[in-house]
Amino acid sequence: MRDSPSVEAAWRSHRPYLVNLAYQMLGDVGEAEDVAQEAFLRLSRTDPSQIDDVRAWLTVVAGRLCLDQLRSARARHEQPDESGALGVTRSREVDPADRVTLDDEVRTALLEVLRRLSPGERVAFVLHDVFQMPFEEIAETVGRPVGTCRQLARRARAKFSGASPRPSDISDAQHQVVTERFITACANGDLQALAAVLDPTVWGVGTVIGDFAPPPQINHGPDEVATNLLRYLGHGATLVTGPVGEPVLLAFAERRLFAVLVLTVRDNLILKIEATVDPSAANRT
């Protein structure tokens with residue numbers, strides 16, 4: 001599929017963003033990866049030189065694919081799979097204080113979005129409130145007037161606000177920019193780009209759970225932290241943001257959740273990373 005330099009460049013630059021975008025709408029990393037794959041397949045069948053903004057084009061295509069899938073699921077009266085979207089297999093001998101930090105509030109926040117929003121509301125809300133897309137562009141994706149898209153997002157926001165407290169819009173926008181740079185750098189195994197999004201005083205702590213797990217590993221400084229992160233996240237892992245408004249990243253391998261990262265962001269840089277990893281989760285069938 002990536003048989004031209006322009007498509008290859010778009011794949012490296014925009015696929016991590018596109019998978020994350022689709023995940024926010026669908027709540028399933030496998031389905032999100034499939035949507036991104038289909039969007040790039042369609043891009044490969046076009047002439048990219050005729051597209052003014054490849055990222056925007058991919059966003060519209062992915063948004064429509066997600067909307068179609070959501071509508072189809074609703075027509076079949078399907079419910080989100082709570083066990084698959086955010087499930088983590090716990091080690092029976094791990095102290096509860098050391099377990100993956102997907103607590104009830106985090107889990108509930110995402111599931112509330114999945115359950116309570118109509119397909120149109122979900123797409124409009126995610127594109128505008130999470131990814132800051134103008135309503136004029138959202139209207140093209142949803143296939144409705146701009147005013148209707150505003151109403152969809154407003155209704156979605158009202159439903160979501162009752163499920164989980166939201167930080168300020170500035171905080172949301174800051175986290176979105178920082179986490180996207182972080183996710184893209186990890187996806188491409190780009191050590192320099194990853195270090196650039198880390199604060200000079202950054203430090204990270206990684207806790208591995210499971211039998212005979214080593215003690216928590218602590219790293220200091222951008223180079224050391226970035227190098228250690230890529231050991232876990234730079235080889236085929238898929239990173240997406242967690243529930244809307246939460247500074248949480250979820251890491252999947254072979255479409256199974258194996259790590260959770262909690263970020264502390266300051267001045268558009270990551271100051272601290274708390275990672276909890278269950279390596280055995282990626283190998284379970």
Taking the side chain as everything from C-beta on, heavy atoms only, tell me whether L43 gets closer than 4.5 Å to V54. yes
Close side-chain approach of E140 and E137, heavy atoms under 4.5 Å: no
Measure the shortest side-chain to side-chain distance between T241 and V248 over non-hydrogen atoms and say whether it is less than 4.5 angstrom. no
Taking the side chain as C-beta and beyond, is there a heavy-atom pair between V240 and I183 under 4.5 Å? no
Just how far is it from atom CG of L67 to atom CG of L127, taken to the nearest 0.5 Å? 9.5 Å
One pair to check against side-chain contact (heavy atoms from CB on, under 4.5 Å): V208 and Y232. What are the steps and the verdict? CA-CA 11 Å; V208 178; Y232 292 96; 4.2 Å; yes
Salt bridge (Lys or Arg N to Asp or Glu O under 4.0 Å): which pairs involve residues 187-204, sequence neighbours left out? D199-R266
Heavy-atom pair with the smallest gap, counting every atom of R150 and F135: NH1-CD1, 3.4 Å
CD1 of I51 to OG1 of T46: how many Å apart, nearest 0.5 Å? 4.0 Å
Cluster check I270, L230: I/L/V/M/F/W/Y, side chain < 4.5 angstrom: yes
Over all heavy atoms of both residues, which pair between R144 and A139 is shortest? Give the atoms and the distance, please. O-CB, 3.1 Å
Minimum heavy-atom distance between A195 and P222, given as atom pair plus value: O-CB, 3.9 Å
Within one Ile-Leu-Val-Met-Phe-Trp-Tyr cluster: L271 and L261, side-chain cutoff 4.5 Å: no
Between V205 and P216, what is the shortest heavy-atom contact and its length? CG2-CB, 4.1 Å
Looking at D278 and R256, is any side-chain nitrogen of the basic one under 4.0 Å from a carboxylate oxygen of the acidic one? no
How long is the straight-line distance from CG of L233 back to CG of N228, given to the nearest 0.5 Å? 9.0 Å
With clusters defined by side-chain heavy atoms of hydrophobic residues (ILVMFWY) lying less than 4.5 Å apart, directly or transitively, does M133 cluster with L152? yes
Could you measure the distance from the OH atom of Y23 to the CD atom of E31? Nearest 0.5 Å is fine. 11.0 Å
So do V197 and V178 actually touch side chain to side chain, heavy atoms under 4.5 Å? yes
Within this structure, what is the CD-CG distance for the pair Q176 and N20, rounded to the nearest 0.5 Å? 6.5 Å
Quick one: does L194's side chain get under 4.5 Å of C186's, heavy atoms only? yes
Would you check, one step at a time, whether the test side-chain contact (heavy atoms from CB on, under 4.5 Å) holds for V202 with K272? CA-CA 5 Å; V202 67; K272 179 183 177 183; 5.8 Å; no
Looking only at heavy atoms, what is the nearest atom pair of F182 and I273, with distance? CE1-CD1, 3.9 Å
Nearest atoms (heavy-atom pairs only) where A36 meets V19: CB-CG2, 3.6 Å
When rounded to the nearest 0.5 angstrom, what is the spacing between CH2 in W11 and CG in L58? 10.5 Å
Can a side-chain donor-acceptor contact be found between T59 and Y17 if the only test is distance below 3.5 angstrom? yes
Verify side-chain contact (heavy atoms from CB on, under 4.5 Å) between T207 and V277, making sure each step is shown before the conclusion. CA-CA 6 Å; T207 302; V277 183; over 6 Å; no
Expected output: side-chain T184 to main-chain R181 donor-acceptor under 3.5 Å: no
Applying side chain to side chain contact (heavy atoms under 4.5 Å, CB included) to A62 and not counting sequence neighbours gives L18, L21, V35
Any side-chain heavy-atom pair of L250 and L239 under 4.5 Å: no
For the residue pair V146 and C149, establish whether any side-chain heavy-atom pair is separated by less than 4.5 Å. no
Would you please test L249 and V260 for side-chain contact (heavy atoms from CB on, under 4.5 Å) and show each step? CA-CA 6 Å; L249 295 180; V260 177; over 6 Å; no
E38/R42 ion pair, N-O < 4.0 Å: yes
With E224, which residues qualify under side chain to side chain donor-acceptor pair (under 3.5 Å), at least two apart? N219
